[in-house]
**Q** 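Encoded as structure tokens, here's the structure I'll be asking about.
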Amino acid sequence: MHKTMRQMLWENQAAKSSSMEELFLLWEMMQREEEGMPSDTGYEEIDAGCFHLDGVIDEEQFSGVLYILKEPSMKKRLQNGELMPMVVDMRRYFREYRRGSRDERGYVAGMQQILLGDGRSAMQALHTAAILYLNKRGGKEISDSVYLNYADAYKECIVRQIHLIAPRVIVCGGEDIFRWVVKEVFSNKKKNKNQKEYMLWKNRAENYLFTADENYRYTDREDKVAVTVINMWNPAYRVNKEQYLSLEDYLEEFSRRISSL
């Protein structure tokens, strides 16, 4: 995405913002500036001004665990003809979770129960988490690279939001999200001869846990680890083209991946 001078100025301010409210205000202004401009960070059907607020679900109960997901779904709103720009608080959406939900809230609640391991109900566990969507504008539940294009365009904002949340554990809901977070948030990357960036850390096939120190730099020293990043499937992971993986099988795999924690 080609950025205007105003977007670059707002981005510079956003990277130094001292609160989530200030960050979101600047972020929204950057997004709205895209209106009428050619861009690969969104869809024609979704207004450039649409913005989804996210972050810590309950400040008083936050456990230090952040879940990073692809994007909020705008599919039903589009089907209902809701094309106007809208601001949606996804923190409230997660607070409204009820037992037995099989959407992404149920998956996050299940993972949080496993991480806490203290017998809390799914709803109680969910209130201790934080949620961050890479694409704040929203998507259409299709497989493409729009959310990663958005993440690249608004990288400074996303990194600042993570720093403001200050998590001890980050669960990435998807392999692409994990790679992006490790490269861009933890600066674990290098360019090859063709100037294409790649992730330096090579252990993800055997170990799904990336560890970093308080300066957000990779470390394998246990006494220096301040942040642990977990590589997990997207909650909408499919066993094949037709069938989604069950919640039970998904959580079983999550337990296996964090067994060394």
Side-chain angles (χ1 to χ4, degrees), residues 20 24 52-73 88-136 138 141 147 158 161-178 180-182 185 207-212 214 222 225-239 244-261:
M20 204 68 73
F24 283 157
H52 293 78
L53 306 169
D54 53 21
V56 176
I57 294 172
D58 186 328
E59 293 285 351
E60 294 183 358
Q61 300 187 56
F62 183 47
S63 63
V65 182
L66 169 65
Y67 293 84
I68 301 183
L69 305 173
K70 179 181 175 180
E71 60 198 8
S73 173
V88 181
D89 192 337
M90 298 304 291
R91 296 165 296 191
R92 178 179 177 180
Y93 169 73
F94 275 84
R95 284 196 293 268
E96 292 173 346
Y97 165 81
R98 292 295 177 267
R99 180 181 175 183
S101 175
R102 294 281 168 152
D103 56 25
E104 58 197 354
R105 294 174 296 180
Y107 286 75
V108 171
M111 286 187 281
Q112 191 67 354
Q113 277 185 296
I114 293 169
L115 281 173
L116 294 178
D118 57 8
R120 296 190 214 197
S121 70
M123 187 164 62
Q124 291 172 332
L126 187 58
H127 280 238
T128 70
I131 304 296
L132 187 155
Y133 288 96
L134 284 189
N135 176 8
K136 294 288 192 286
E141 294 186 27
Y147 75 102
I158 294 170
Q161 185 181 11
I162 292 173
H163 286 174
L164 287 172
I165 293 173
R168 295 179 295 101
V169 175
I170 298 175
V171 181
C172 297
E175 175 74 24
D176 287 345
I177 294 176
F178 175 78
W180 190 91
V181 168
V182 170
V185 179
N207 181 2
Y208 298 99
L209 308 178
F210 175 89
T211 48
E214 61 182 10
E222 290 187 13
V225 173
V227 186
T228 300
V229 186
I230 303 171
N231 179 8
M232 188 52 194
W233 291 321
N234 186 313
Y237 181 82
R238 295 173 185 260
V239 179
Y244 287 106
L245 187 72
S246 72
L247 174 58
E248 292 74 18
D249 288 342
Y250 182 95
L251 294 179
E252 183 179 339
E253 174 64 16
F254 181 71
S255 296
R256 187 183 73 81
R257 293 192 180 195
I258 66 167
S259 59
S260 62
L261 274 180

**Q** Output the distance between atom CD (Q112) and atom CZ (R120), rounded to the nearest 0.5 Å.
**A** 8.5 Å

**Q** Just say parallel, tilted or perpendicular for the rings of F178 and F210, cut-offs at 30° and 60°.
**A** perpendicular

**Q** Quick one: closest heavy-atom pair of Q161 and L132, and the distance?
**A** OE1-CD1, 3.3 Å

**Q** I'd like to know if the side chain of H52 and the backbone of V88 have a donor-acceptor N/O pair within less than 3.5 Å.
**A** no

**Q** Could you report the tightest heavy-atom contact between M123 and R98, atom names first, then the distance?
**A** SD-NH1, 3.7 Å

**Q** Please report the closest heavy-atom contact between E141 and S73, naming both atoms and the distance.
**A** OE2-OG, 2.6 Å

**Q** For a quick test of reading the model, state the closest non-hydrogen atom pair linking S121 to Q113 and the distance between them.
**A** C-NE2, 3.5 Å

**Q** Distance check, rounded to the nearest 0.5 Å: Y147 atom OH versus E71 atom CD?
**A** 8.0 Å

**Q** Is it true that, when you exclude M20 itself, more than 12 heavy atoms of the residues, nucleotides or ligands shown sit nearer than 6.0 Å to its CE?
**A** yes

**Q** Using the side chain to side chain contact (heavy atoms under 4.5 Å, CB included) rule, take L134 and L69 through it: C-alpha gap first, then chi angles, then the decisive distance, then the call.
**A** CA-CA 6 Å; L134 284 189; L69 305 173; over 6 Å; no

**Q** Apply side chain to side chain contact (heavy atoms under 4.5 Å, CB included) to the pair W180 and I158, showing each step before the final yes or no.
**A** CA-CA 11 Å; W180 190 91; I158 294 170; 3.9 Å; yes

**Q** Would the distance check show the side chain of R91 and the main-chain N or O of V56 forming a donor-acceptor pair, the cut-off being under 3.5 Å?
**A** no

**Q** Does CD belonging to E60 count more than 12 external heavy atoms closer than 6.0 Å?
**A** no

**Q** Of the non-hydrogen atoms in R257 and N231, which two are nearest, and what is the gap between them?
**A** NH1-O, 2.6 Å

**Q** When rounded to the nearest 0.5 angstrom, what distance separates CG in L245 from CG in N234?
**A** 11.0 Å

**Q** May I ask you to decide whether E252 forms a salt bridge with R256, counting only side-chain N to carboxylate O separations under 4.0 Å?
**A** no

**Q** Would you call the rings of Y107 and Y250 parallel, tilted or perpendicular if under 30° counts as parallel and over 60° as perpendicular?
**A** perpendicular

**Q** So, for P167 and I170, which heavy atoms are closest and what is the spacing to 0.1 Å?
**A** CG-CG1, 3.6 Å

**Q** For the residue pair Y133 / E104, report whether a side-chain donor-acceptor contact shorter than 3.5 Å exists.
**A** yes

**Q** From L251 CG over to I114 CD1, what is the distance, rounded to the nearest 0.5 angstrom?
**A** 4.5 Å

**Q** Would you kindly say whether E222 and T211 are connected by a side-chain donor-acceptor distance under 3.5 Å?
**A** no

**Q** Out of V171, L126, D54, which one pairs with Y67 under the side-chain contact (heavy atoms from CB on, under 4.5 Å) rule?
**A** V171

**Q** Say you draw a straight line from CG of L261 to CG of L209; how long is it, rounded to the nearest 0.5 Å?
**A** 5.0 Å

**Q** Side chains of V227 and V169, heavy atoms from C-beta outward: is any pair under 4.5 Å?
**A** no

